[in-house]
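So that the names make sense, note that chain A is the first sequence line, chain B the second, and so on, each numbered from 1. Predicted, not measured: the structure shown is a model, and the values here were computed from it.
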Protein chains: 2
Amino acid sequence: MTDPDAPRRRSDVTRTAILDAARERFASDGYERATVRAIAQDAGIDPSMVMRYYGSKEGLFSAVIDVELVLPDLGAIPVDDVGAVLIGHFLDLWENDSVLQTLLRVGVTNEAGAARMRAVFAGQILPLAEQFVVTSQDAARRAALVASQVLGMALVRYVLRFGPAADMPRADVVAWLGPTVQRYLTAKAP
Amino acid sequence: MTDPDAPRRRSDVTRTAILDAARERFASDGYERATVRAIAQDAGIDPSMVMRYYGSKEGLFSAVIDVELVLPDLGAIPVDDVGAVLIGHFLDLWENDSVLQTLLRVGVTNEAGAARMRAVFAGQILPLAEQFVVTSQDAARRAALVASQVLGMALVRYVLRFGPAADMPRADVVAWLGPTVQRYLTAKAP
DNA sequence: ACTGTATGCCAACATGCGTTGACCTCCGCC
DNA sequence: GGCGGAGGTCAACGCATGTTGGCATACAGT
């Protein structure tokens, strides 16, 4: 019997090596400073392989950011815990998946990255806010508020690495930010 | 009598033209994509002038981000209004001065920019938090929380330009974010 | 075992970058 | 009126980048 996880082509191991290296380089250096040559060297192959398998640097980047963010179903948890659960889940996401760091780093200077970020926002955070509110304009605003706090914490904690933000224990982040997004989602509009 | 604001050297007009063009380019494109050639063209002079007056691209960037952020004295306003006043002031700052956009755009991919951002944080937001709290570690955390919300809103509103965040009237931003930073600064630690 | 093709490397290309030094020009001063 | 220096342009350098085509090699199907 054949292993269903086995690579279908011999080149698949190289393909994913390139993708992994690219993920890290884009996440830590941003789009411009992550050079094809550096990515290729990290992956242990020739730069021309990148072009063969992904067409161009832009194509490689597209492959890197083409991921699905999955948020937990918030219907199953008590309404009062939504804020805390959400913050906890976002912290997991940021710490275990480099694609969000990539998006944040690149979205700030690259329009394609910004567009992808907006798409994630529209596909994940917006529907979430719509569970708590009637009019769609109100939901959009609340989603934007949640995004501002979540991305802001990610920025100072993981990207800019402000000491106090980076050192804060996870539980404290949840305790402080949880009520904030809870209010953004469920409080009466001011 | 001589005008005290008159340029002391004939080249001062060119110097500031370069600086103005650099501010805009760095703010909108980030460090890597803001080329010396493009800045020079915007300023209407030759690229070599940039080198003559600022030594290098790095030197020009240093000159651009070498600014003082001034926050209002919060001693004079009622304690309960601190959050709202602060948010209002930050919105003014972001809308009237491109240097913060520059810092945010560059700080995400450039270590010098990130360092400058941390310095602004330590020099401006941290002392502010120290007015409300006794231990310096607590103050640092509260300052980081305020920074996360303020920078997060700047990110989604001015840089990533999420529709709902960019369109939100200024008064609504103050009404939503004011209580948040108010709580970060003055509420009992959880 | 033979052959075609997928896989990979190497060398080179064109381009745009930051940066440099030689040259020109015009203002202010003796 | 001539002169020295500051202000400015021009062309070029060296380098790193993304990208390309040609060539070797090793695998898979017959």
Side-chain angles (χ1 to χ4, degrees), chain A residues 1-3 6-26 28-65 102 105-106 109-113, chain B residues 1-3 6-26 28-65 102 105-106 109-113:
Chain A
M1 57 176 289
T2 60
D3 183 352
R8 325 211 147 176
R9 294 162 293 191
R10 270 185 304 138
S11 64
D12 280 358
V13 44
T14 299
R15 286 185 136 88
T16 66
I18 294 174
L19 214 54
D20 289 345
R23 248 189 280 273
E24 279 194 30
R25 282 284 175 179
F26 281 133
S28 65
D29 296 347
Y31 186 83
E32 333 285 342
R33 304 184 21 166
T35 69
V36 171
R37 284 171 155 89
I39 292 169
Q41 183 162 358
D42 290 357
I45 47 90
D46 190 87
S48 62
M49 293 282 91
V50 174
M51 315 308 297
R52 191 196 286 275
Y53 292 132
Y54 295 96
S56 67
K57 182 181 183 180
E58 196 80 28
L60 174 60
F61 178 68
S62 297
V64 166
I65 64 176
T102 303
R105 277 225 156 82
V106 173
T109 44
N110 182 292
E111 178 49 29
Chain B
M1 59 177 290
T2 60
D3 182 354
R8 327 212 147 179
R9 294 162 294 192
R10 270 187 305 141
S11 64
D12 280 359
V13 42
T14 299
R15 285 183 137 91
T16 65
I18 294 174
L19 214 54
D20 289 346
R23 249 190 279 272
E24 278 195 30
R25 282 284 175 180
F26 281 131
S28 66
D29 296 346
Y31 186 81
E32 334 285 341
R33 306 185 19 169
T35 69
V36 171
R37 284 171 154 89
I39 292 169
Q41 183 162 357
D42 289 357
I45 46 90
D46 190 87
S48 62
M49 291 283 90
V50 174
M51 316 308 296
R52 190 200 288 269
Y53 292 133
Y54 294 97
S56 67
K57 182 181 182 179
E58 196 80 29
L60 175 60
F61 178 67
S62 296
V64 165
I65 65 177
T102 304
R105 278 223 156 84
V106 173
T109 43
N110 180 291
E111 178 49 29

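- Considering all non-hydrogen atoms of both residues, A/A43 and A/A17 come closest at CB-O, 3.7 Å.
- Checking A/T14 against B/E32, the closest nucleotide of DNA chain C that is more toward the 5' end is the one next to A/T14.
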Show, in sequence, the C-alpha distance, side-chain angles and deciding distance for A/E32 and B/T109, and conclude whether the side-chain contact (heavy atoms from CB on, under 4.5 Å) test is met. CA-CA 9 Å; A/E32 333 285 342; B/T109 43; over 6 Å; no
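- Under the 4.5 Å side-chain criterion, counting only non-hydrogen atoms from C-beta, B/D42 is in contact with B/R25.
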The contact string for nucleotides 20-30 of chain D, one letter per nucleotide 5' to 3', using protein heavy atoms under 4.0 Å with B, S and - for base, sugar-phosphate only and none, comes out as BB-----S---
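- Rounded to a whole Å, the CD1 atom of B/I18 is 13 Å from the C1' atom of D/dT9.
- Computed from coordinates, the B/F61 CZ to C/dG18 C1' distance equals 16 Å when rounded to whole Å.
- For the pair B/L60 CG and C/dT19 P, the interatomic distance rounds to 10 Å; values are reported in whole Å.
- A pairwise comparison of heavy atoms in B/L19 and B/A63 identifies CD1-CB, 3.9 Å as the closest pair.
- Atom P of nucleotide D/dT19 and atom OH of A/Y54 are separated by 15 Å, given to the nearest angstrom.
- For A/K57 and D/dG18, the NZ to P distance is 4 Å, given to the nearest whole Å.
- Scanning all heavy atoms of the two residues, the minimum distance from B/I18 to B/I39 falls at O-CG2, 3.9 Å.
- In terms of heavy atoms, A/L60 sits closest to A/A22 at CD2-CB, 3.8 Å.
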Hey, what are the protein-to-nucleotides 12-15 of chain D N/O distances that come in under 3.5 Å?
none

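- Summarising the geometry, the separation between CG on B/D29 and P on C/dC17 is reported as 11 Å, rounded to the nearest angstrom.
- The stretch residues 51-62 of chain A participates, sequence neighbours left out, in these side chain to side chain donor-acceptor pair (under 3.5 Å) pairs: A/Y31-A/E58.
- The distance from atom CG of B/D29 to atom CG of A/N110, rounded to the nearest 0.5 Å, is 11.0 Å.
- Between A/I39 atom CD1 and D/dA16 atom C1' there is a gap of 15 Å when expressed in whole angstrom units.
- Atom-to-atom distance recorded for A/R37:CZ and A/D46:CG is 9.0 Å, nearest 0.5 angstrom.
- Here the C1' atom of nucleotide D/dT17 and the CD atom of A/E58 are 15 Å apart, to the nearest Å.
- Looking at the side chain of B/Y53, the nearest of the listed nucleotides C/dT7, D/dG7, C/dC17 is D/dG7.
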